[in-house]
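A quick write-up on the structure given underneath.
Letters A, B, ... mirror the listed sequences (proteins, then strands); counts begin at 1. What you see is a predicted model, and the numbers here were worked out from it, not measured in a lab.
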There are 2 protein chains.
Amino acid sequence: MSKRYAGRREDLVEAAVDLFAANGYAGTSIRDIAKITGRSVSNVYHYFKDKESLWLAILEYSVQGMPDRLRSAMKPADGAEQRFSALVRAHLQESMRHRREVKIFFIDEERLSPGGKRINKRIQKEILDLYREQIGELLKARHVSPAAARVLAFNVLGVINWYLRWQDHVAGLSVEEIHDQIVGFVFYGLLGKLPGG
Amino acid sequence: MSKRYAGRREDLVEAAVDLFAANGYAGTSIRDIAKITGRSVSNVYHYFKDKESLWLAILEYSVQGMPDRLRSAMKPADGAEQRFSALVRAHLQESMRHRREVKIFFIDEERLSPGGKRINKRIQKEILDLYREQIGELLKARHVSPAAARVLAFNVLGVINWYLRWQDHVAGLSVEEIHDQIVGFVFYGLLGKLPGG
DNA sequence: CAACTTATAGAACGATCGTTCTATCTTGGT
DNA sequence: ACCAAGATAGAACGATCGTTCTATAAGTTG
């Protein structure tokens with residue numbers, strides 16, 4: 001691989017992320033990707049054997065490693081609340097970092113081949129299980145049923161993933177303040193505790 | 001309009017809801033809709049002038065009236081907490097009732113014409129404002145900033161809309177129990193109150 | 001039955017899709 | 001300088017897309 005051509009493959013992935021996030025998988029054509037990178041259609045196929053491979057390459061360098069990154073954000077020495085807070089904060093930051101990829105990942109999963117769907121589902125299940133486990137630790141004294149813990153895990157994921165949609169639409173708060181708000185909501189809801197307390 | 005042909009238009013809308021929800025707007029063709037209804041392509045165009053009109057017809061008979069239905073679920077005589085609880089429960093029920101439509105509505109909004117987008121945004125804003133207003137009432141004593149109230153409204157919407165995704169994947173709880181769980185989470189989060197209290 | 005409106009089907013249009021093929025150009029190693 | 005490997009472009013394939021046109025069948029109304 002020559003230096004002159006370094007990053008050419010990554011450019012394609014970058015453009016594909018943009019377009020997939022904006023227009024969806026079915027709504028994005030190989031020609032679109034070629035056009036905004038100033039390349040030819042066949043050049044795209046030189047780097048990726050087909051459209052779905054491009055999709056999977058996106059997942060590979062972003063969402064694929066997310067469960068591990070979330071796990072390593074939680075320090076074993078801390079208490080359950082600190083660990084959970086760290087998990088949520090890491091998850092929010094990861095979602096920010098890979099905003100478009102996560103959007104693609106969670107929204108457009110339907111049109112994949114069975115093999116692609118399996119990868120998608122596996123990662124989603126890893127993250128869900130991570131939350132279920134931590135919620136179990138957090139609520140140990142309250143003996144919640146597994147079904148209830150599952151519902152709670154989905155609720156937390158809903159808050160975090162929904163964040164991707166309105167992230168841009170809030171003025172007047174810094175990113176850190178928004179994250180504080182979200183963590184506070186996940187812990188105490190609307191009524192459980194005063195915002196400042 | 002003859003009786004023999006009554007409901008033929010509605011059949012097309014019904015099929016389109018199914019397919020749009022399963023495969024997205026760009027991922028669904030007029031020919032797909034014609035095929036599963038056993039009609040011809042041109043017959044679809046006899047009832048709808050183009051693809052986007054079909055989309056808007058779906059919104060019209062489902063999501064369009066949702067803000068009003070949510071408003072009318074809240075009894076003015078009740079207190080702020082009862083009113084908010086009624087709002088969330090009505091929203092959950094409406095989301096269940098029009099599961100596919102809401103999924104389409106919130107997910108696939110990007111590929112519409114400017115006119116279609118405007119309708120979409122208007123309804124979403126109506127619902128968001130409804131929540132912001134009620135959250136304002138609910139937290140009157142705590143003087144939360146408008147930006148913070150906005151974040152809280154988005155969080156609640158995230159929980160409810162995310163519910164559409166995992167609705168099928170929880171065994172061991174009835175629909176009412178799940179709704180209780182969700183309302184409890186919105187009010188008190190993970191730690192704010194005991195589940196049984 | 002005749003006239004008119006509605007419902008339907010089938011063929012076709014141009015555009016675009018994912019993909020493949022072939023040919024040229026660039027680069028790095030010898 | 002030569003050559004193999006990688007990078008690129010362009011043309012073309014068959015399939016499918018949204019849409020339109022034309023023609024026929026069915027139903028309603030006189």
So, are [X] and [Y] salt-bridged, with charged N and O less than 4.0 Å apart?
X: Lys35(A); Y: Asp32(A); value: no
X: Glu94(A); Y: Arg69(A); value: yes
X: Arg71(B); Y: Glu126(B); value: yes

What is the separation between atom [atom1] on [X] and atom [atom2] on [N], rounded to the nearest whole Å?
X: Tyr47(A); N: dT8(D); atom1: OH; atom2: C1'; answer: 8 Å
X: Phe48(A); N: dA7(D); atom1: CZ; atom2: P; answer: 12 Å
X: Arg9(A); N: dT8(D); atom1: CZ; atom2: P; answer: 13 Å
X: Lys49(A); N: dA7(D); atom1: NZ; atom2: C1'; answer: 20 Å
X: Tyr45(A); N: dT20(C); atom1: OH; atom2: C1'; answer: 9 Å
X: Ile30(A); N: dA9(D); atom1: CD1; atom2: C1'; answer: 16 Å
X: Arg8(B); N: dA26(D); atom1: CZ; atom2: P; answer: 13 Å
X: Lys51(B); N: dC17(D); atom1: NZ; atom2: P; answer: 9 Å

- request: State which residues pass side-chain contact (heavy atoms from CB on, under 4.5 Å) with Glu177(B); sequence neighbours excluded, sorted by chain then number.
  value: Leu173(B), Ser174(B)
task: Using the closest heavy atom to pick a nucleotide of DNA chain D for each, name whichever of His46(A) or Gly27(B) lands nearer the 5' end.
output: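 The residue closer to the strand's 5' end, by nearest nucleotide, is His46(A).
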message: Counting only side-chain heavy atoms from C-beta out, which of dG18(D), dT8(C), dC17(C) sits nearest to Asp32(A)?
response: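 Nearest listed nucleotide: dC17(C).
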query: What one-letter contact string describes nucleotides 10-15 of chain C from 5' to 3', where B marks a base within less than 4.0 Å of any protein heavy atom, S marks contact via sugar-phosphate atoms alone, and - marks no contact?
result: B-B---
- prompt: Cut-off 3.5 Å, side chains only: do Tyr163(B) and His91(B) have a donor facing an acceptor?
  reply: no
task: Using a heavy-atom cut-off of under 4.0 Å over every strand shown, decide if Thr28(A) touches base, sugar-phosphate, or nothing.
output: sugar-phosphate
task: Name the nucleic acid region contacted by Gly38(A), choosing base, sugar-phosphate or nothing; use a 4.0 angstrom heavy-atom cut-off, strictly under.
output: sugar-phosphate
Whether Tyr25(B) and Trp55(B) hold their rings parallel, tilted or perpendicular, with breakpoints at 30° and 60°: perpendicular
- prompt: If only atom types and distance count, is the side chain of Arg150(A) paired as donor or acceptor with the main-chain N or O of His169(B) below 3.5 Å?
  reply: yes
